[in-house]
Every structure is written in structure tokens, then in C-alpha cells.
> 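Have a look at the structure that comes next, please.
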Amino acid sequence: MKGLSSLKWTTVDELELDEKVKGILKERGVIRLNPVQTEAIKKGLLKGKRLLVASPTASGKTLVAELGMISHVTNGGKAVYVVPLRALAQEKYDTLKSWEKLGVKVGITSGDYDSDDEWLRYYDIVVSTYEKLDSLWRRRATWLSQVNYYVLDEVHYINDGERGPVIEGITIRSKRAGNLLALSATVSNYVEIADWLGAEPVVIDWRPVKLREGVLFPEGRRFRVQFDDGSIETVKGVDPIVAFTLRSIEAGGQVLIFRNSRRNAEATARRVAEFLDETENDLTSALNEEDVVNEEREGLEPLLRRGVAYHHAGLSKRTRDLIESAFRTRRLKVIAATPTLAAGVNLPARTVIIGDYHRYNRKVLGFQEEIPVMEYKQMSGRAGRPGFDDSGEAVIVVRNAREAERVMKKYVLSQPEELKSRLGSELAFFSFVLGVLASDGPLTEMELRKFASESLMTREVLERYLDRAINWLTEREFVKLGRKLSLTSFGRRVADLYVNPFTADLIKEKLTKSELGCNLAYLQLLASTPDAPVVSVGRYEEDRLYDELDCELMVEEPEDETERYEFLSSLKVGLIVRDWINEEPEEKILETYNVGSGDLNAVVETMDWLTYSGHHVCNVLGLSEHAKRLSLLNARVKDGVSEELLDLVKIRGVGRKRARLLYDSGVRSVLDVLANPEKVKSILGARLGESVIEQAARALTGLHK
DNA sequence: GATGCGCATGTGTAGACAGCATGTC
DNA sequence: CTACACATGCGCATC
């Protein structure tokens, strides 16, 4: 880590930049560059030097990327900015828009957007998620060959077991395709990583707001906070989190509390709220107007009135957005959240409390492990609002003084873990090989080995998996052997659909040998693949799940305990989606299966993709009867309707509820809508009816939705 | 016989990427 | 690599 000597600032005026660029910076209020930005420029950012910028959260890395891209693009180049989350893509896209005054065209693509990918060729800068870019590469989008500058944001995601392998693959291709700028949280092996990237490391431990970190632990009948600067505080109360939260609010700050489960987050929010008075705000009425599901409103209403909320992925997107924006505008004083808020969009608070440093491990039953230091830094880094707070404070709650010392050493005073390859698993590596062959194939085995050797994997791990991957992919007919390795039409389709080869293989295996099954059988099969959503199954509901099972499945129940748990999850996902396409009301599904609105959304979204993929996998395999069933299922999953409503939901603005209303009143098709305008208006109301009729006319001509 | 307590036992557990449809973010 | 917090139920002492 660089010492204080390198903490220099430069003014924008000093920079060798186009005057128009400087003008835009000044318009934004940027008159000087912070130490991270200054160092990046010193190391050659504007001269096309490859860099790895590793610095804390909120240290101004985005501006580094902007300057790098602008200087590249104004010289006639084309750049892609890659991020790990859709929400982040949106955030970066909004920021980059300000460069359009220079004539720089900025576009965005991710699963959120409808995309004719070829359209992206008209932009100078394209913001994308890693998976979307991977998909574009596999499909060989022609415009990608013009891209010669890649910004890899949050590359430390490489350490994520599930998504890291994709980022590793993107990094290799970026290295091969041109210049790159990698942005990362601070990592301990930055020299090794920079070396891997062929980049110069820019490593500065600088934050815009000072950060005090501490441990919070019981001492006698009080709680003691020991900060890393040596200062000590005591707070009184029964619960350490509540006590410290109240102390921070009294000092006029906002508090962000991280808990390791939804239940804990909700319970903490309620506990804090008990000590706060009701205040005037418009949040509860906003909840009502926004048509939020009952359960969410009832849970949050009494808390919001006291300036408190909980936040996790079980909540609907709407509710989460409402809470985030209320916190930003200071209408909320406290949010108790799961890690959603640590990784996602920027939402700082003066005080951050990390309530747990253990987390349940889904893969090993009954095992809880300590969270990585990197994640601690991610959370504590949210403390301190630039421009508002003089300094931020982050405390981590521990059991006793002895633990406090250990935790202080491990989390506060130490470096985050090393960045390591996660390609060393069949699930990740086989998919990686399929992707490489899709984007760069056909390849000889030597060429493939060369490609893989450019990853972060060690030689031994690579050798262990390469032959296995080639054998498996060949045996299962994804790849054909010849002078070179190339994809079969099946392999090509699977790569395009972006499903894991194990997903495709399971679909292939089961449907090749099965007769037509019931809808539940198809859904449960898809829910058994590695790409499927996972839901938790309570002991009490096992029996009920079996009761609902009224037809034969294609995937048999396993003996093994862990696998049985996965089986129950797949059965539950299948049943949820079956209810969904049978038009059970959302509220009822949430109640029956004890899931949140956000969970239902995620399940439907993923199963939409999987039914679509299953349909196309069957098509390419010549399983046309299964394909038909899956295609119909896909259409129904998309909108959550039975078959008879499929025509009506083609109309924009008509979803499952309105379609049912119209149908039951005898308006049963797009044509019926157009033929009975008065009836439609009487069912849906004059204004809505009018627009539905208009949209129906467009639907008829084959346009949109 | 109702109430309250300590203890043993039971229970559940974070998040979020990908295809495609329209007109072109 | 095999944890936690919290909820529930029980036996027991107490009034």
C-alpha cells in the first residue's frame, strides 16, 4: 500500500485534456482530481496505458474510467464498460450520459433491456453486465471487433464462486482484444493481478471521507466500542445494535445496519423502531399509492412512520426503490438490511453497523462460516457520505472482549483476501470451455489450452479439468472432434441460450427418454438444473408439497440428504410457477409458499428464461412434442396466465389481472377488444379502456409487447 | 392452579446474471 | 470446514 507521500491532488486545469472535456468536468463541479485519479493519470491513463486501479469504495474510480474512456473514444476508439450488476449498469450509464455533449454516444445493454445487439455498433461507449458481454461475445456480435478499450469494474467479483468465472473469461478476452482498465476494491495480491493483466498497478488507500472502524462488544452491563484510532466509547441498553444506533441518531446521523438474514434484518428494524417516535412523513401514503402487496405494507408501515425500514431481496423492487430513495433524502434514519445494499448501488450513511460476521453456507448443510474480509470492507466502506459527513464510522458487533481483539485484527486491521481463480470446478470450467469455443472456435486442443492458460488458474488445476471438459462435452454432443474442436448445433444453441451445459444435458437426458409429462413435471425438471432459482423449504411444508404432487415427475427423489433438500426446492419452485400460470392471485401465492414479492419475481423471471431455453434445446434435438409443450409453458410463465388469455396479454398494458377481467366479460381476444370498444371501456374504465383499445390495434399489426 | 423462569430442543438461514419480444435506451 | 439466533416446549419453583 502506498504511503501518504503519494496523496497528491491535481487541478483539472493542469491536465493535458481537451478544453471541452475540462468544461464538462467543471460543469459537474470537478475542479481538481483526487489522489487516486491523479495517480492513475500519472501512470499513463490518458496515454492508453493499461492500469489496475485498486482503491476503497467511493474513491472516485468511476471518474478514472470516464477519463480513460473519453480520451480513448475521442481518438476514434470504441469502449465497453462492464459491471457485475444491472443496477450498476444503469447508474454508470446515467453518469456517462453527460459526455454526450461532446458528441460521444453512450448506450447500455443488459438483461433489463430489449436488445437488437447490432444496434450497439452506433455507440462509442457501451455499458454492459459481464454476462451480457459474454453472451454477445459468444454470439460474435460483429461490432465487438471494433472495441479496443475495456473497463472492467469491480473485478474483485472474480472471487465470487458463481459469477467469478465469467469475469475471468471476460478478462482474458479483453486482454486479447485491446486495451483495458481494471477497477477493483483493494486486494492483497494486486501485484500478481496487475501482472496477469499486463497492467501497471495504481494502489492508493485514499477515501473521500475519513473512516473510523471499531468493534462493539458487551462489557459488564454496557457496551464498549473500541475504535482503530484508539478512542473508546460506551453505550447503554439491552441490545448493542439498538444502543449504538440510537447514539448515532441522536448525534444527527443516519445508520445502515447489515444483518446476515432477512429475519434478523426485520427484527432489528422493529427493535430500533420501538425507541423512536412517530414523525411526519409521506412514506406510508407512498406505500399505498404504489400498490404494494399487503404483507409488505403491513410490515413496513409502522416502521416507516418512525423513520426506520428493513431492506432485502424478498421485497418488491418498488418497495426497495422507495426505501432507498427515502434514505437518500433523509426521510429515513435507519435501514436494517441484508448484504443487498453492500454490493449494490451507492447508498452511504454516516454510521454503518455490521451485525454479524458469520454466514450460513448453502452448499455445506449446517455450516456457518466467517464472511470474507473483502465483504466486511464492502460494508464498512459504506460509512461516511461524501460532501455531508466529516467522517464515517463503522462498527462490527462481537460477543466478547476476546473475540473483539481477534475480529479487530482480522477485519479492521488486515488486508482483504487474495483474488483467486474460481474456474476450478466442473460447473464453471465446462461452461467456460463451451463459451470459448462459441466465441473463438473452432480451436485445436493446443489453442484451447493456450486460451485457458491465460486465466488465473494454476497449471495443475487447468490440466486436471481440460481433458475432462473436452471428453464430457464431446460425449454429450456439445462438441465434435476433428482436426479442431468445434460446436455441434446443439452446443451452439446452448452457448447462445447462455444456459450451463449441465442444465442442457439434464433437459436432454430426461426429455429424450420421457413421454409427454404434466406441466409440473416440466417445471420441476427445469427447476432441478444448476441454473434454477433456489427457494427454502420449511420442515412444516414438506408434507404439503407432496400432497400437491398429483402427476408423475421426470426427476426422481434422491436418497442423499443434501440432494433431497435440492429436490424439495425444485418441487416448490415447480408448484409456485404452476400456481402462477393457473392465475392464483399473487398475494395468495406469497402466503401459501411463504415467499416475498421479490422472490416470486425472481422465480418467474428465471423460469421464464429456462422454459424458453428448454423449448429451444428440444427444438435443436428434434424433440418437437416436448418443444411445443415448453413453448406454451413459456408463454404462460411470462405473463402468469392460462392458455385462454394468451391472446389478450399480447396487448401492452394488459397483464394477468386485466386479461382475466376482460375474458370473463366475454372479451376474449384482441379482435374482441377492437370490436367492442364500449364494453372494454365499461370494464376497465374510460381512460384505461381507451389506451388498451389503442394498444390492441397496434398488437394486431404485429407491433411490440 | 396460574404464572414465570431456566433450560433443552427444534428450526431456518444473502444475493442475482443470462434469452427474446418491440423500436433503438 | 459442521454455526448461529431465535422460537418453542418442558419441568420446575413460586405465589
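Quick caveat: nothing in here was measured; it's all calculated off a predicted structure. Here is the naming used below: chain letters follow the sequence lines, and residue numbers restart at 1 for every chain.
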> Listed by chain and number, what are the ring pair (Phe, Tyr, Trp, His ring centres under 6.0 Å) partners of A:Trp137, not counting sequence neighbours?
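Counting only residues at least two positions away or on another chain, A:Trp137 forms a ring pair (Phe, Tyr, Trp, His ring centres under 6.0 Å) with A:Tyr150.
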
> Looking across every strand, which nucleic acid part, if any, lies under 4.0 Å from A:Arg539 by heavy atom: base, sugar-phosphate, or nothing?
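If one applies the 4.0 Å heavy-atom cut-off, A:Arg539 turns out to touch the sugar-phosphate alone, with no base involved.
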
> Tell me whether the side-chain N/O atoms of A:Ser536 come closer than 4.0 Å to OP1 or OP2 in B:dT13.
yes

> How would you list, by chain and number, every residue that makes a side chain to side chain donor-acceptor pair (under 3.5 Å) with A:His615, sequence neighbours excluded?
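For A:His615 there are no side chain to side chain donor-acceptor pair (under 3.5 Å) partners, ignoring immediate neighbours.
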
> Given atom CG of A:Leu133 and atom P of B:dG19, what is their separation to the nearest angstrom?
11 Å

> What is the nucleic acid contact for A:Gly538, judged by heavy atoms within less than 4.0 Å: base, sugar-phosphate only, or nothing?
sugar-phosphate

> Closer than 4.0 angstrom, basic N to acidic O: yes or no for A:Arg652 and A:Glu694?
no

> Between A:Asp647 and A:Lys650 (salt bridge meaning N to carboxylate O under 4.0 Å), is one present in this structure?
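Between A:Lys650 and A:Asp647 there is a salt bridge, with a charged N closer than 4.0 Å to a carboxylate O.
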
> What distance separates A:Trp99 CH2 from A:Leu96 CG, expressed to the nearest 0.5 Å?
9.0 Å

> For A:Ser455, what residues pass the side-chain contact (heavy atoms from CB on, under 4.5 Å) criterion, not counting sequence neighbours?
A:Glu168, A:Ile172, A:Leu423, A:Met457

> With sequence neighbours excluded, tell me which residues meet ring pair (Phe, Tyr, Trp, His ring centres under 6.0 Å) with A:Phe490.
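With sequence neighbours excluded, A:Phe490 shows a ring pair (Phe, Tyr, Trp, His ring centres under 6.0 Å) to A:Phe478, given in chain and number order.
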
> Any side-chain donor-acceptor pair under 3.5 Å between A:Glu403 and A:Tyr357?
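Yes - a donor-acceptor pair under 3.5 Å links their side chains.
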
> Provide, to the nearest angstrom, the distance between the CG atom belonging to A:Leu120 and the P atom belonging to B:dG23.
17 Å

> Classify the nucleic acid contact of A:Asp160 as base, sugar-phosphate or nothing, counting any heavy atom under 4.0 Å across all strands shown.
base

> Measure from the side chain of A:Tyr360, starting at C-beta and using heavy atoms only, and say which of B:dG15, B:dA18, C:dA3 lies closest.
C:dA3

> Give me, pair by pair, the N or O atoms of the protein and of nucleotides 4-7 of chain C that are less than 3.5 Å apart, along with how far apart they are.
unit_1 : atom_1 : unit_2   : atom_2 : d
C:dC4  : O4'    : A:Gln368 : OE1    : 3.4
C:dC6  : OP1    : A:Arg271 : NH2    : 3.3

> Let's test this: given Watson-Crick or G-U wobble pairing with both distances under 3.5 Å, identify the partner of B:dA16.
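In the structure as shown, B:dA16 has no Watson-Crick or wobble partner.
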
> If you measure from the P atom in B:dT13 to the same atom in C:dC1, how many Å do you get, rounded?
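Nearest-Å result for B:dT13 against C:dC1 at atom P: 26 Å.
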
> Report which part of the nucleic acid A:Tyr123 touches: base, sugar-phosphate, or nothing (heavy-atom distance under 4.0 Å, all strands).
sugar-phosphate

> Measure OH/A:Tyr540 against P/C:dT8 and give the value in whole Å, please.
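That distance rounds to 13 Å.
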
> What residues, two or more places apart in sequence or in another chain, satisfy side chain to side chain donor-acceptor pair (under 3.5 Å) together with A:Tyr498?
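If we apply the side chain to side chain donor-acceptor pair (under 3.5 Å) test to A:Tyr498, skipping adjacent residues, the hits are A:Asp134.
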
> For a quick check of understanding: with a heavy-atom distance under 4.0 Å over all strands, which category does A:Tyr122 fall into, base, sugar-phosphate or nothing?
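Result for A:Tyr122 = nothing.
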
> Mind checking if A:Pro84 touches a base, just sugar-phosphate, or nothing, with heavy atoms under 4.0 Å?
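Answer is sugar-phosphate: A:Pro84 comes under 4.0 Å of backbone atoms only.
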
> Hey, which sits more toward the 5' end of DNA chain B by its nearest nucleotide, A:Asp117 or A:Arg359?
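On the 5' side of the pair lies A:Arg359.
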
> Output yes when A:Glu324 and A:Lys317 qualify as a salt bridge under the 4.0 Å nitrogen-oxygen rule, no when they do not.
no

> Among A:Ile396, A:Val352, A:Thr340, A:Ile353, exactly one meets side-chain contact (heavy atoms from CB on, under 4.5 Å) together with A:Phe258. Which residue is that?
A:Val352

> Going by side-chain contact (heavy atoms from CB on, under 4.5 Å), name the residues that satisfy it together with A:Glu296, two or more places apart in sequence or in a different chain.
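Residues passing side-chain contact (heavy atoms from CB on, under 4.5 Å) with A:Glu296: A:Val292, A:Val293, A:Leu315, A:Ser316, A:Thr319, A:Ser597.
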
> Rounded off to whole Å, could you give me the CD-to-P distance for the A:Glu162 and B:dA16 pair?
12 Å

> Given the C1' atoms of B:dA14 and C:dA3, what is the spacing between them in whole Å?
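Those two atoms are separated by 16 Å.
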
> Using ring pair (Phe, Tyr, Trp, His ring centres under 6.0 Å) as the criterion, list what pairs up with A:Tyr546, not counting sequence neighbours.
none

> If we take the P atom in both C:dT2 and B:dG12, what is their distance in whole Å?
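Per the computed distance, 24 Å lies between those P atoms.
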
> Does the base of B:dC17 carry an N or O that pairs as donor and acceptor with the side chain of A:Lys132 under 3.5 Å?
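Check fails, no donor-acceptor contact within cut-off.
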
> Can you tell me how far P of B:dT13 sits from NZ of A:Lys572, to the nearest Å?
8 Å

> List in numerical order all residues of residues 135-144 of chain A for which some heavy atom is under 4.0 Å away from an atom belonging to DNA chain B.
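Those residues whose heavy atoms fall under 4.0 Å from DNA chain B, taken from residues 135-144 of chain A in numerical order, are A:Ser135, A:Arg139.
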
> Holding to ring pair (Phe, Tyr, Trp, His ring centres under 6.0 Å), I want the full list of residues that pass it with A:Phe244, two or more places apart in sequence or in another chain.
none

> Looking across every strand, which nucleic acid part, if any, lies under 4.0 Å from A:His312 by heavy atom: base, sugar-phosphate, or nothing?
sugar-phosphate

> Grab the CZ-P distance between A:Phe258 and B:dG15 for me, whole Å please.
12 Å

> Using a heavy-atom cut-off of under 4.0 Å over every strand shown, decide if A:Lys105 touches base, sugar-phosphate, or nothing.
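No contact.
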
> Once Watson-Crick and G-U wobble pairs under 3.5 Å are found, how is DNA chain C written in dot-bracket notation, 5' to 3', with | for any base paired to another strand?
..|||||||||||||

> Walk me through whether A:His626 and A:Tyr522 qualify under ring pair (Phe, Tyr, Trp, His ring centres under 6.0 Å).
CA-CA 9 Å; A:His626 286 306; A:Tyr522 288 101; 5.7 Å; yes

> Let's see if you can work this out: which of B:dA18, B:dC20, B:dT24 has an atom nearest to the side-chain heavy atoms of A:Lys638?
B:dC20

> I need the residues from residues 593-609 of chain A with at least one non-hydrogen atom less than 4.0 Å from DNA chain B; give them sorted by number, or say none.
A:Glu605, A:Thr606, A:Asp608, A:Trp609

> A:Ile371 has an atom CD1; how far is it from atom C1' of B:dG15, in whole Å?
14 Å

> Map A:Arg262 and A:Arg86 onto DNA chain B by nearest heavy atom, then report which one ends up closer to the 5' terminus.
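The 5'-side residue here is A:Arg262.
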
> Rounding to an integer number of Å, can you tell me how far A:Ile651 CD1 sits from B:dA21 C1'?
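Those two atoms, CD1 and C1', are 16 Å apart.
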
> Do the charged groups of A:Arg86 and A:Asp112 touch, with an N to O distance under 4.0 Å?
yes

